[in-house]
Amino acid sequence: KMSSRKVVELFYDVVSPYSWLGFEIMCRYRNVWNIDLRLRPAFLGGIMQGSGNKPPGLVPNKFLYMTKDLNRLAQYFDVPLQAPSDPFEAMFQKGSLSAMRFVAAVQEREKDGDKQVEQLSRELWRRIWSQDKDITESASLSEAAVKAGLPASEIEELLKLSTSKQIKDKLKSTTQEALDHGAFGFPLVVCHVNGKAEMFFGSDRFELMAHCIGENWMGPQPGKSSAKL
């Protein structure tokens with residue numbers, strides 16, 4: 001029964017490596033758990049500003065830890081995550097505003113499900129957090145869109161749409177929604193359980209989330225775990 005599926009929202013930004021991990025796990029579990037997964041592309045810069053948080057990379061010891069942590073997590077989660085040569089430039093100087101507006105534009109146009117949004121988001125993460133490539137220029141966004149399988153004929157129009165007031169407002173309001181849930185960083189997962197919104201931050205709360213929604217956590221690769229036994 002569709003009605004019994006729990007709605008689970010995932011707020012994310014492709015500038016955030018932890019969001020990539022959370023995103024891949026939720027995509028792997030969307031057909032394992034009885035959930036209706038909703039992808040909510042938002043803007044991490046707006047979350048930091050709105051919540052008064054400081055990025056962990058600005059504390060030297062946290063930055064060193066994060067680098068090690070991400071290497072271990074990349075292996076554990078089986079996600080090809082690799083820090084760009086200049087993480088500060090990629091994250092704080094260049095940022096992801098144009099990229100996330102582009103994702104929001106694709107979501108606005110996508111009629112059937114969210115396959116394009118999922119694939120485009122993944123390609124953008126790949127560029128910045130695997131291949132050390134730009135995600136700010138129009139040409140970079142086009143390249144990611146082509147790789148994600150978007151029809152070449154639509155990309156120009158989507159890029160135009162991404163700079164429209166309508167899409168800027170859409171991204172702002174999704175970001176505000178995350179702040180209203182109490183966000184201070186990404187990834188943010190909001191599980192709607194018995195009319196109540198349960199908020200989880202980060203990519204290390206899946207066991208707790210599963211417990212909360214009455215599902216089983218089977219590790220980062222639910223498809224493979226049974227094969228290994």
Side-chain angles (χ1 to χ4, degrees), residues 7-27 36-58 66 87-110 113-114 116-125 127-129 134-138 140-141 144-145 148 158-192 196-205 209:
V7 171
V8 174
E9 300 180 274
L10 169 67
F11 293 85
Y12 67 91
D13 184 323
V14 298
V15 83
S16 152
Y18 290 99
S19 288
W20 190 9
L21 301 168
F23 172 91
E24 294 298 353
I25 294 296
M26 293 313 298
C27 287
D36 172 13
L37 179 65
R38 305 206 177 150
L39 299 178
R40 306 297 309 274
F43 181 50
L44 184 56
I47 296 292
M48 289 300 185
Q49 215 181 346
S51 65
N53 196 3
K54 297 270 181 295
L58 299 180
M66 206 171 99
F88 280 93
E89 182 197 37
M91 293 178 81
F92 306 124
Q93 285 160 17
K94 288 180 147 192
S96 58
L97 187 56
S98 52
M100 294 318 293
R101 282 175 178 164
F102 187 50
V103 176
V106 169
Q107 186 172 54
E108 185 68 23
R109 275 295 151 88
E110 191 168 8
D114 57 14
Q116 290 183 340
V117 172
E118 179 187 331
Q119 282 160 340
L120 175 64
S121 300
R122 186 174 287 119
E123 285 305 331
L124 289 165
W125 265 304
R127 286 183 74 87
I128 180 173
W129 282 103
D134 172 76
I135 59 161
T136 60
E137 310 287 330
S138 294
S140 309
L141 299 174
L158 286 163
L159 281 167
K160 221 182 253 134
L161 179 64
S162 74
T163 62
S164 68
K165 184 178 182 328
Q166 176 199 359
I167 293 301
K168 287 177 179 175
D169 288 348
K170 177 185 162 91
L171 189 66
K172 265 196 197 122
S173 78
T174 306
T175 304
Q176 187 54 53
E177 238 177 278
L179 284 167
D180 294 344
H181 280 299
F184 51 86
F186 283 161
L188 180 82
V189 178
V190 179
C191 301
H192 297 271
K196 227 173 105 210
E198 296 281 355
M199 186 264 267
F200 299 89
F201 165 72
S203 54
D204 57 356
R205 286 293 180 267
M209 192 188 300

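The basis for the numbers below is simple: all heavy atoms, side chains too, and nothing from hydrogens, waters or symmetry mates.
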Visitor: Do Arg40 and Gln107 have side-chain heavy atoms sitting under 4.5 Å apart?
Guide: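 Result no, sub-4.5 Å side-chain heavy-atom pair not found.
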Visitor: Could you state the interatomic distance from CZ (Phe186) to CG (Leu10), rounded to the nearest 0.5 Å?
Guide: 9.0 Å
Visitor: side-chain contact (heavy atoms from CB on, under 4.5 Å) for Phe23 and Val14? Distances and angles first, verdict last.
Guide: CA-CA 10 Å; Phe23 172 91; Val14 298; over 6 Å; no
Visitor: Can you tell me how far apart CG (Leu97) and NZ (Lys168) are? Round to the nearest 0.5 Å.
Guide: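 If we round to the nearest 0.5 Å, Leu97:CG and Lys168:NZ are 8.5 Å apart.
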Visitor: Identify the heavy atoms of His181 and Glu9 that sit nearest to each other, and give their distance.
Guide: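 So the two residues come closest at NE2-OE1, 4.0 Å.
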Visitor: Of the non-hydrogen atoms in Ala104 and Lys170, which two are nearest, and what is the gap between them?
Guide: O-CE, 3.4 Å
Visitor: Looking only at atom types and distance, does a side-chain atom of Ser51 sit under 3.5 Å from a main-chain N or O of Ile47, one as donor and one as acceptor?
Guide: yes
Visitor: Parallel, tilted or perpendicular, judged at 30° and 60°: which one describes the rings of Phe201 and Phe184?
Guide: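 Answer is tilted, since the angle falls between 30° and 60°.
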Visitor: Side-chain contact, heavy-atom cut-off 4.5 Å: Val189 with Met209?
Guide: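 Yes; the side chains approach each other to less than 4.5 Å.
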Visitor: Taking the side chain as every heavy atom from C-beta outward, state whether Tyr12 and Pro41 have any atom pair closer than 4.5 Å.
Guide: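 A side-chain contact exists here, since the closest heavy-atom pair is under 4.5 Å.
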Visitor: Check the angle between the aromatic planes of Trp125 and Trp20 and answer parallel, tilted or perpendicular using the 30° and 60° thresholds.
Guide: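 Aromatic pair Trp125/Trp20 classed parallel.
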Visitor: Output the distance between atom CG (Leu124) and atom CG (Leu141), rounded to the nearest 0.5 Å.
Guide: 6.5 Å
Visitor: For a quick test of reading the model, state the closest non-hydrogen atom pair linking Ile167 to Leu161 and the distance between them.
Guide: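 Minimum heavy-atom separation between Ile167 and Leu161: CG1-O, 3.3 Å.
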Visitor: Could you check if a side-chain atom of Pro17 sits within less than 4.5 angstrom of a side-chain atom of Met91, using non-hydrogen atoms only?
Guide: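 Counting from C-beta outward, Pro17 and Met91 do come under 4.5 Å.
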Visitor: For Gly22 and Ser203, which heavy atoms make the closest approach, and how far apart are they?
Guide: N-CB, 3.9 Å
Visitor: Glu123: what forms a salt bridge (Lys or Arg N to Asp or Glu O under 4.0 Å) with it, not counting sequence neighbours?
Guide: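 Only Arg126 meet the salt bridge (Lys or Arg N to Asp or Glu O under 4.0 Å) criterion with Glu123.
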Visitor: Work out which heavy atom in Asp134 is nearest to a heavy atom in Glu137; give both atom names and the distance.
Guide: OD2-N, 2.8 Å
Visitor: Using modelled atom types only, decide if a donor and an acceptor are shared between the side chain of Thr175 and the backbone of Phe43 within a distance under 3.5 Å.
Guide: yes
Visitor: Return the OG to CZ distance between Ser96 and Arg101, rounded to the nearest 0.5 Å.
Guide: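 Here the interatomic distance stands at 10.5 Å.
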Visitor: How close do Ser121 and Val103 get, counting heavy atoms only, and between which atoms?
Guide: OG-CG1, 3.7 Å
Visitor: Which residues pass the side chain to side chain contact (heavy atoms under 4.5 Å, CB included) test with Ile128, not counting sequence neighbours?
Guide: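 By the side chain to side chain contact (heavy atoms under 4.5 Å, CB included) rule, Ile128 matches Val15, Ala90, Ile135.
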Visitor: Counting N and O atoms only, with roles assigned by atom type, does the side chain of Glu108 sit under 3.5 Å from a partner on the main chain of Gln166, one being a donor and the other an acceptor?
Guide: no
Visitor: Quick one: pull up OG1 in Thr174 and CG in Asp169 and give me the separation to the nearest 0.5 Å.
Guide: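 Rounded to the nearest 0.5 Å, the OG1-CG separation comes to 10.5 Å.
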Visitor: With a 4.5 Å cut-off on side-chain heavy atoms, are Phe200 and Cys191 touching?
Guide: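 Of all side-chain heavy-atom pairs linking Phe200 with Cys191, at least one is under 4.5 Å.
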Visitor: Are the side chain of Glu110 and the backbone N or O of Val117 linked by a donor-acceptor pair below 3.5 Å?
Guide: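 Present.
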Visitor: Can you find a pair of side-chain heavy atoms, one from Cys27 and one from Arg122, that are under 4.5 Å apart?
Guide: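 In contact.
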Visitor: Rounded to the nearest 0.5 Å, how far does OG1 of Thr136 lie from NZ of Lys94?
Guide: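 The distance works out to 4.5 Å.
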